[in-house]
Amino acid sequence: MVYHHGVGGPPSHNARPHQMGHHGMEGLDMLDPLTSSSMTTLAPMGETAPPHHQLHGYGAMNHVMNHHHHPGGLGHAPPAHLGHPAAALHPDTDTDPRELEAFAERFKQRRIKLGVTQADVGKALANLKLPGVGALSQSTICRFESLTLSHNNMIALKPILQAWLEEAEAQAKNKRRDPDAPSVLPAGEKKRKRTSIAAPEKRSLEAYFAVQPRPSGEKIAAIAEKLDLKKNVVRVWFCNQRQKQKRMKFAAQH
DNA sequence: ATGCATGAGCG
DNA sequence: GCTCATGCATA
C-alpha cells in the first residue's frame, strides 16, 4: 500500500438536468404525523423515479447517461449515440446492476487480498494519473463496495476502480515496494463538529418524510421549529433522505 | 459503516 | 433551493 500525503484532490463536480417540483397538495396544517396520527414507524422506500438523472463528472469528462452506455467509461468521451426511440436494447453489460454488483464484490475481495484498505485505494487513485481523476475518500470506496451509491455514480466509478485494481495487481506480481514513506499530518486545522439529531426527532422526521418527502421551505421551517432544530439541519436531512432512496441498494433494481 | 454537510451546476 | 457526488467526523 502506497501512502502519500498532500492529497486532497479537489475534483470538480457535476450538475444535472432539471428537477421537478410540484405536487398539488400542501397540508400545511397537518403538521404532526406522530402525535396527531397513529403512525409511528413506517418504512419509506418507494421509488418511482421521475424523468431525471444526471451525468457527469469527475474532473472533466466522463459522462454517464441514464441507461445505456458504453464500455470504457473514462478518459475519453465515447463516440456517438443513438437517438432511436426504439433502441431499447441490450442488458448493457456496463450499466447492468448485476454487473456492477458483481464487480463491486470482486473488487472488495481482491482489494482485501492485496492487503489494501479502502482509504489506501482512495489515495492511490490519484497516483494513477488518469485524466480528471484525483483521490477519493474512504467513504466513497466503502460506498462503492456496498453499492450504497447511485446507479450512475457506480457506473462512473467502476472503470476508475477497475483501472486501479489492475494496476495494483500487476505491481503486486512484481513485489514492488516503495522506498518512500513520508507521512506527516498537516495538523492544525479546525475540526468540523457534526450535528447529531436525537432519536425522537429523527423518528418525527421520518414520519414527516413518509407523508411528504419534499416539504416546502415554509413547511421545513415549521418542522424545524416544532422539533427545535435549525431549519438548515432539517432541510439537509430531507435532502440526504431523498438521496438515500436513490442508492442502488434501495432502488428497486434487484 | 454511516450521519450530517458542502459545493457545483442548473433552472 | 434542489439534485448529485463526495467527504469529514464519528459510532
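Numbered from 1 within each chain, the chains take letters A, B, ... in sequence-line order.
Using a 4.0 Å heavy-atom cutoff across all strands shown, E145(A) reaches no nucleic acid atom at all. Within 4.0 Å of K202(A), counting heavy atoms only, lie sugar-phosphate atoms of the nucleic acid but no base atom.
Taking only distance into account, the side chain of R143(A) meets the base of dG7(C) through a donor-acceptor pair shorter than 3.5 Å. Counting atom types as modelled, N240(A) pairs a side-chain N or O with a base atom of dA5(B) as donor and acceptor under 3.5 Å.
Here the nucleotide nearest the side chain of C239(A), chosen from dT10(C), dC2(C), dA1(B), is dC2(C). Among the nucleotides dG7(C), dA5(C), dA5(B), the one closest to any side-chain atom of V233(A) is dA5(B). Distances were taken from every side-chain heavy atom of L136(A) (C-beta onward) to each of dA9(C), dG7(C), dT6(B); the shortest belongs to dG7(C).
Ring planes of F209(A) and F238(A): tilted class, angle from 30 to 60°.
The pair K113(A)-E169(A) fails the salt-bridge criterion, with no side-chain N (NZ, NE, NH1 or NH2) lying under 4.0 Å from an Asp/Glu carboxylate O.
The CZ atom of R194(A) sits 12 Å away from the P atom of dT2(B) (whole-angstrom rounding). Rounded to a whole Å, the CD atom of Q243(A) is 14 Å from the P atom of dC4(B). The nearest whole Å value for the distance from the CD atom in Q241(A) to the C1' atom in dA5(B) is 15 Å. Rounded to a whole Å, the CG atom of N153(A) is 12 Å from the C1' atom of dT3(C). Rounding to whole angstrom units, CG of residue L205(A) and P of dC4(B) are separated by 9 Å. We find that CD of Q138(A) is positioned 7 Å from C1' of dA1(B), with the value rounded to whole Å. If you measure from atom CZ of R214(A) to atom C1' of dC2(C), you get 6 Å, rounded to the nearest angstrom. Atom-to-atom, CZ of R247(A) to C1' of dA1(B) comes out at 10 Å; the value is rounded to the nearest Å.
When only modelled atom types and interatomic distance are considered, Q241(A) and Q245(A) share no side-chain donor-acceptor pair under 3.5 Å.
Between R235(A) and the phosphate of dC4(B), there is no side-chain N or O to OP1/OP2 separation shorter than 4.0 Å. Residue Q118(A) has a polar side-chain atom (N or O) positioned under 4.0 Å from OP1 or OP2 of dA1(B). The phosphate of dG7(C) has OP1 or OP2 within less than 4.0 Å of a side-chain N or O from T140(A). Look at R242(A) and you'll find a side-chain N or O under 4.0 angstrom from OP1 or OP2 of dT3(C). An OP1 or OP2 oxygen of dA5(C) is reached within less than 4.0 angstrom by a side-chain nitrogen or oxygen of S150(A). At dG7(C), none of the side-chain N or O atoms of S139(A) fall inside 4.0 Å of OP1 or OP2 (strictly under the cut-off).
Side-chain atoms of D120(A) come within 3.5 Å of backbone atoms of T117(A) as a donor-acceptor pair (strictly under, hydrogens ignored).
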Exercise. Please walk me through it: do L229(A) and I223(A) pass side-chain contact (heavy atoms from CB on, under 4.5 Å)?
Worked result: CA-CA 8 Å; L229(A) 291 171; I223(A) 292 173; over 6 Å; no

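Within the model, atoms CD of Q109(A) and CD1 of I112(A) stand 7.0 Å from one another, a figure rounded to the nearest 0.5 Å.
Comparing K193(A) and L149(A), the nucleotide of DNA chain C nearest to each residue sits closer to the 5' end for L149(A).
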